[in-house]
Amino acid sequence: MKKGDHLFLVDGSGYIFRAYHALPPLTRKSDGLPIGAVSGFCNMLWKLLREARNTDAGITPTHFAVIFDYSSKTFRNDLYPEYKANRSAPPEDLIPQFGLIREATRAFNLPCLEMEGFEADDLIATYCRLACEAGGDTTIVSSDKDLMQLVGPTVGMYDPMRDRQIGILDVIEKWGVPPEKMIDLQALTGDSVDNVPGIPGIGPKTAAQLLEQFGDLDALLERASEIKQNKRRESIIDNADKALISRQLVTLRTDVPVTEALDDFVLHPADGPKLIGFLKAMEFSSLTRRVAEATGTEAGEIEAATVAVERADTAHGPDVGSGVQALEVDEKTATGTAAKEEGFTPSFLAAKRAEAAVADKIDVDAYHCVRDLPTLEVWIAEAREAGVVAFDVETTSLDPMQAELCGFSLATAPGRACYVPLGHKSGQDDLLGGGLVDGQIPIRDALSTLKPLMEDSSVLKIAQNLKYDLVVMQRHGVDVTPYDDTMLLSYVLDAGVTGGHGMDFLADKWLGHKTIPFKDVAGSGKSFIGFHQVPLDKATCYAAEDADVTLRLWQVLKPRLAAKGLVSVYERLERPLVPVLAAMEQRGISVDRQILSRLSGDLAQGAARLEEDIYALIGERINIGSPRQLGDILFGRMGLPGGSKTKTGQWSTSAQLLEDLAAEGHELPRKIVDWRQLTKLKSTYTDALPGFIHPETGRVHTSYALAATTTGRLSSSDPNLQNIPIRTAEGRKIRTAFIAEKGHKLISADYSQIELRVLADVADIPQLKQAFADGADIHAITASEMFNVPVEGMPSEVRRRAKAINFGIIYGISAFGLANQLSIPREEAGAYIKQYFERFPGIRDYMDETKAFARENGYVETVFGRRIHYPEIRSSNPSVRAFNERASINARLQGTAADIIRRAMIRMEGALAEAGLSARMLLQVHDELIFESVEGEVEATIPVVRTVMENAAMPAVSLSVPLQVDARAADNWDEAH
DNA sequence: ACAGAAGCTTA
DNA sequence: GTAAGCTTCTGTT
């Protein structure tokens with residue numbers, strides 16, 4: 001140890017008692033072992049290590065040790081037999097925890113010190129002296145006044161529970177004397193807890209005043225006769241011997257023959273797996289999670305250590321009173337066979353949680369409505385204590401970019417939840433908008449009180465569909481971290497399982513609880529009132545229920561993640577995407593109103609012209625948009641050939657059918673198809689998009705759903721920006737309205753043939769892998785292999801058919817579907833497929849394997865381990881079964897591609913920041929990412945984007961086929977793509 | 001006012 | 001043949 005080093009000495013014994021008394025009584029592990037004090041101790045240690053390391057201004061320890069009392073008998077008992085004689089035996093449920101706390105210290109990789117015949121305080125005093133002599137500083141982690149005598153220029157104290165530093169000035173402030181006079185002060189006052197006699201009638205105030213007057217105890221006793229007050233003078237003279245023995249008792253020994261050197265206390269980084277093994281054994285789930293996060297450990301992969309608590313009468317003297325707990329962590333079996341034999345497997349624990357959740361009924365009338373700041377502060381303190389809190393925001397709109405905050409709810413334990421109304425209005429929603437309901441905390445005050453909790457790295461926030469709440473909160477300047485999302489947990493666990501991942505459904509499924517329907521509190525349709533108009537009592541039941549249910553769902557779902565081996569899918573592909581998408585949604589994209597308006601006019605004109613032609617041809621003014629009326633005219637009255645019926649018995653008027661008729665030379669069907677295209681473009685795009693331009697940002701903010709598809713793809717809505725036209729020239733014009741900000745460019749980067757590349761890799765097809773490695777035209781190569789024709793000079797029709805087959809494979813091909821796609825007889829399509837499988841037998845094997853796996857397990861997996869369930873794959877209905885087989889084949893490919901672009905998106909922001917680029921990701925369209933970049937940075941941005949995307953599978957998966965990304969920049973989306 | 005069907009847009 | 005979302009029409013609530 002040298003100058004500049006900093007030693008932390010933790011008064012472990014002091015903490016055992018403080019933690020025990022500070023925490024709710026009788027906190028027990030599932031097997032009944034009491035662990036309240038262990039929990040408090042571990043949380044304190046972890047917080048101390050984290051904060052001490054993290055704070056810039058704080059003190060960073062270089063050396064660290066935790067010190068315990070060895071037994072209750074020390075040299076002081078020889079000096080004064082009554083010392084600590086009135087101490088009662090420790091509470092029954094604290095006894096087994098002494099050993100566990102020492103074990104906890106070792107699990108934290110920290111030295112654990114004790115010495116026979118001495119108190120912890122003496123060891124602390126001795127090490128303080130040694131550190132001081134070595135030139136280092138010391139912080140004593142304790143708030144015990146017995147240790148204050150050690151405070152000096154290089155020695156401070158710290159009370160982590162009150163987050164308070166104690167220095168020389170603090171000692172003077174509290175006791176009225178400087179630290180070096182604390183011994184004399186204690187000698188005078190004594191200590192009833194430790195049975196140190198002191199001088200009767202002298203308390204801290206008098207003692208301080210006397211010491212101020214006489215200097216020190218010796219001088220005081222010598223000149224006691226000078227004291228004016230009769231009683232005080234006599235007491236001091238009569239009890240001088242008690243004061244002297246007291247001084248001996250309270251003076252800490254700095255000469256303990258310690259065996260460990262200061263250099264043995266050098267602080268090492270936490271050993272994640274070791275610590276997590278212990279924490280799991282103690283069932284400290286929230287601390288386990290925090291430690292896993294901070295140490296970068298996959299907690300799911302670590303099993304609980306075997307921590308055996310045995311009562312043994314060893315030579316190791318009693319800690320306090322009776323009973324000794326020798327405790328061992330068996331390193332050899334730490335990976336868990338013992339745990340399994342006891343039945344405490346992740347699956348077992350998950351099942352237990354699920355059982356308990358259904359049994360614990362929900363009472364929506366038990367919630368609290370928080371209407372003042374002090375009460376909110378109590379709830380926030382409770383959340384801090386719990387380490388986890390479920391929350392939910394209530395607003396006036398489903399669109400988080402437009403929503404106004406009405407209030408938020410918190411849940412700190414099942415059944416313990418509150419609603420905090422902020423923006424509820426009274427009276428009619430007239431021009432004045434109604435006044436705020438009385439007794440609501442001002443939004444600014446509530447949020448500035450809530451913000452530190454939401455951003456506290458040691459408190460896990462839980463939400464259902466967090467992205468919504470995150471966007472709302474971020475708009476109010478509040479971030480949320482760390483977090484879990486119950487919707488995403490359900491999605492990772494149960495994608496494809498019937499029922500979806502909405503809260504109402506999940507509450508019924510897992511908790512057996514029917515949630516209050518939103519329309520019951522806010523009405524619907526014409527009777528709809530915004531949430532801000534809902535009376536506070538109703539709002540409280542509804543909103544707090546959401547938080548309560550969310551917390552309970554988390555308790556059920558989170559353990560299932562580890563039980564099913566899906567922790568890394570959740571933590572790497574799902575959870576990190578939430579803030580990425582929240583940011584994209586908030587950025588939005590610029591859309592040119594004028595371009596859309598002009599297009600809308602053109603389309604209206606074109607459609608009107610066609611309408612007139614159509615009316616002329618059929619002789620009456622029907623509603624062309626009505627397939628029913630149209631079918632009746634075309635196939636009924638006009639008697640066109642080739643009519644077919646839909647499953648509801650209506651005449652089909654599908655585009656495919658009308659196209660076929662047009663090809664036979666009929667004029668009318670062609671015009672109808674054209675009319676439909678124009679009206680479709682007008683209504684869905686040019687007319688609807690301007691309505692999505694945000695009044696303040698002037699941009700269009702789509703909403704991405706993370707848990708809407710079964711395969712892992714995202715979906716986009718309000719508006720859907722993943723189906724903006726591109727195939728026809730007319731449609732493409734709509735893309736020209738998506739523009740870059742002034743001085744910026746849009747960059748579009750898309751994966752080339754990503755699903756076929758994934759297929760080539762997972763099905764291991766040599767010809768396809770070679771073609772991709774060569775950068776060849778994959779459809780031409782396929783055609784060449786199948787039809788034995790050279791790539792050079794290949795007719796475009798041959799390539800087109802091969803292309804259709806390649807896509808068909810991705811979709812789980814059927815002769816029926818391929819025949820439809822290529823407008824060829826089913827037999828011919830079947831022959832193509834046969835030919836394809838002969839040339840690429842690996843693909844047939846791959847498809848057969850996938851079907852067999854899905855049938856066996858009820859799900860398929862992507863390359864990254866995402867599971868997609870097909871509960872109907874064993875259906876006795878052949879067409880249902882075939883559909884599920886095709887879907888499962890497609891899901892592995894589509895899902896793997898979706899996972900890859902997710903990984904790219906998660907890394908993109910960091911990569912751009914690292915490269916010092918200001919480009920920002922705006923949109924995702926399944927295999928394409930759209931960015932906005934300052935004009936001058938475009939050239940530098942494209943390679944960064946390309947690198948991130950092309951390497952997105954790494955290092956988790958090394959594909960045998962290269963990924964290729966095409967990227968381009970332009971002023972609008974049409975030209976960039 | 002709502003739900004489902006039909007139809008059309010995307011990857 | 002896979003995966004989505006939006007608009008319109010139509011019949012029911």
Side-chain angles (χ1 to χ4, degrees), chain A residues 495-496 519 523-528 622-631 645-658 672-673 675-685 687-689 691-692 702-705 708-728 730-732 734-735 750-756 759 804-822 826 829-830 833 847 868 870 879 882-895 897-898 901 923-928 977:
Chain A
K519 61 179 185 335
S524 66
K526 217 176 169 186
S527 67
F528 175 78
I622 62 159
N623 182 350
I624 307 170
S626 163
R628 203 190 109 123
Q629 291 182 40
L630 202 58
K645 298 283 180 79
T646 66
K647 62 183 169 206
T648 55
Q650 294 296 313
W651 290 108
S652 169
T653 64
S654 69
Q656 179 67 61
L657 196 147
L658 297 181
I672 293 167
V673 168
W675 179 88
R676 278 186 178 163
Q677 195 206 3
L678 299 187
T679 53
K680 170 77 178 178
L681 294 175
K682 183 170 183 292
S683 67
T684 308
Y685 303 104
D687 288 354
L689 280 172
F692 285 102
T702 184
S703 175
Y704 287 104
T709 73
T710 47
T711 55
R713 274 190 178 180
L714 303 178
S715 80
S716 156
S717 65
D718 310 294
N720 181 356
L721 296 185
Q722 290 180 325
N723 71 346
I724 302 303
I726 191 166
R727 278 178 31 243
T728 66
E730 280 299 304
R732 282 187 84 110
I734 291 162
R735 292 197 169 217
D750 67 300
Y751 284 107
S752 162
Q753 310 283 13
I754 187 166
E755 288 176 13
L756 274 179
L759 172 72
I805 294 170
N806 276 335
F807 275 98
I809 296 293
I810 293 169
Y811 298 152
I813 205 149
S814 75
F816 182 85
L818 183 62
N820 261 342
Q821 178 66 29
L822 289 174
R826 190 132 41 117
I833 294 169
M847 294 174 107
I868 301 140
Y870 289 96
S879 71
F883 174 81
N884 278 273
E885 286 171 355
R886 290 193 299 271
S888 62
I889 288 164
N890 173 253
R892 285 181 74 184
L893 305 172
Q894 190 185 109
I901 197 165
L923 302 178
Q924 189 251 39
V925 192
H926 308 308
D927 64 3
E928 175 188 14
H977 186 79

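Throughout, protein chains are lettered first and strands after them, A, B, ... in sequence-line order, and every chain is numbered starting at 1. Worth knowing before you read on, the calculation uses all heavy atoms, side chains too, and leaves out hydrogens, waters and symmetry mates.
Distance CD1 (Ile724(A)) to P (dT9(B)): 12 Å, rounded to an integer number of Å. Put simply, CG on Asn890(A) is 14 Å from P on dG1(C), counting in whole angstrom units. Put simply, CZ on Arg676(A) is 12 Å from P on dC9(C), counting in whole angstrom units. Taking atom CG of Leu923(A) as the reference point, atom P of dG5(C) lies 16 Å away to the nearest angstrom. For the pair Asn820(A) CG and dT2(C) P, the computed distance is 11 Å after rounding to whole Å. Taking atom CG on Asp927(A) and atom C1' on dT2(C), their separation rounds to 14 Å, with Å as the unit. Computed from coordinates, the Gln677(A) CD to dG7(B) P distance equals 17 Å when rounded to whole Å. Atom pair Asp687(A):CG and dT9(B):P shows a separation of 16 Å (rounding to whole Å applied).
At the heavy-atom level, Ala655(A) lies under 4.0 Å from the strands shown only through sugar-phosphate atoms. Among the atoms of the strands shown, none is found under 4.0 Å from any heavy atom of Ala815(A). Residue contacts for Glu928(A): at a heavy-atom cut-off of 4.0 Å it reaches no nucleic acid atom on any strand shown. If you check every strand for non-hydrogen atoms under 4.0 Å, Ile810(A) touches nothing. Counting non-hydrogen atoms under 4.0 angstrom, Phe883(A) reaches the backbone sugars and phosphates but no base. Heavy atoms of Arg886(A) sit under 4.0 angstrom from primed sugar atoms or phosphate atoms, though from no base atom. Residue Leu714(A) is out of contact with every strand shown, counting any heavy-atom pair closer than 4.0 Å. Residue Thr679(A) is out of contact with every strand shown, counting any heavy-atom pair closer than 4.0 Å. Ser814(A) comes within 4.0 angstrom of a base, heavy atoms only. No contact: Ala829(A) has no heavy atom under 4.0 Å from any strand. Within 4.0 Å (heavy atoms only), Asp750(A) reaches no atom of the nucleic acid at all. The residue Gly812(A) sits apart from the nucleic acid: no heavy atom pair falls under 4.0 Å. Nucleic acid contact for Gln629(A): sugar-phosphate only, since backbone atoms but no base atoms lie under 4.0 Å from a heavy atom of the residue. Within the 4.0 angstrom heavy-atom criterion, only backbone atoms of the sugar-phosphate kind lie near Asn720(A); the bases stay farther away.
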Distances under 3.5 Å between protein N/O atoms and the N/O atoms of nucleotides 11-13 of chain C, please, pair by pair.
unit_1  : atom_1 : unit_2    : atom_2 : d
dG11(C) : OP1    : Arg628(A) : NH1    : 3.2

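Between Thr646(A) and dA6(B) there is a side-chain polar atom (N or O) within less than 4.0 angstrom of OP1 or OP2. A sub-4.0 Å separation between OP1 or OP2 of dG5(C) and a side-chain N or O of Ser715(A) is present.
To the nearest 0.5 angstrom, Gln894(A) atom CD is 7.5 Å from Thr710(A) atom OG1.
At distances below 3.5 Å, not a single donor-acceptor pair connects side-chain atoms of Tyr685(A) with backbone N or O atoms of Pro725(A).
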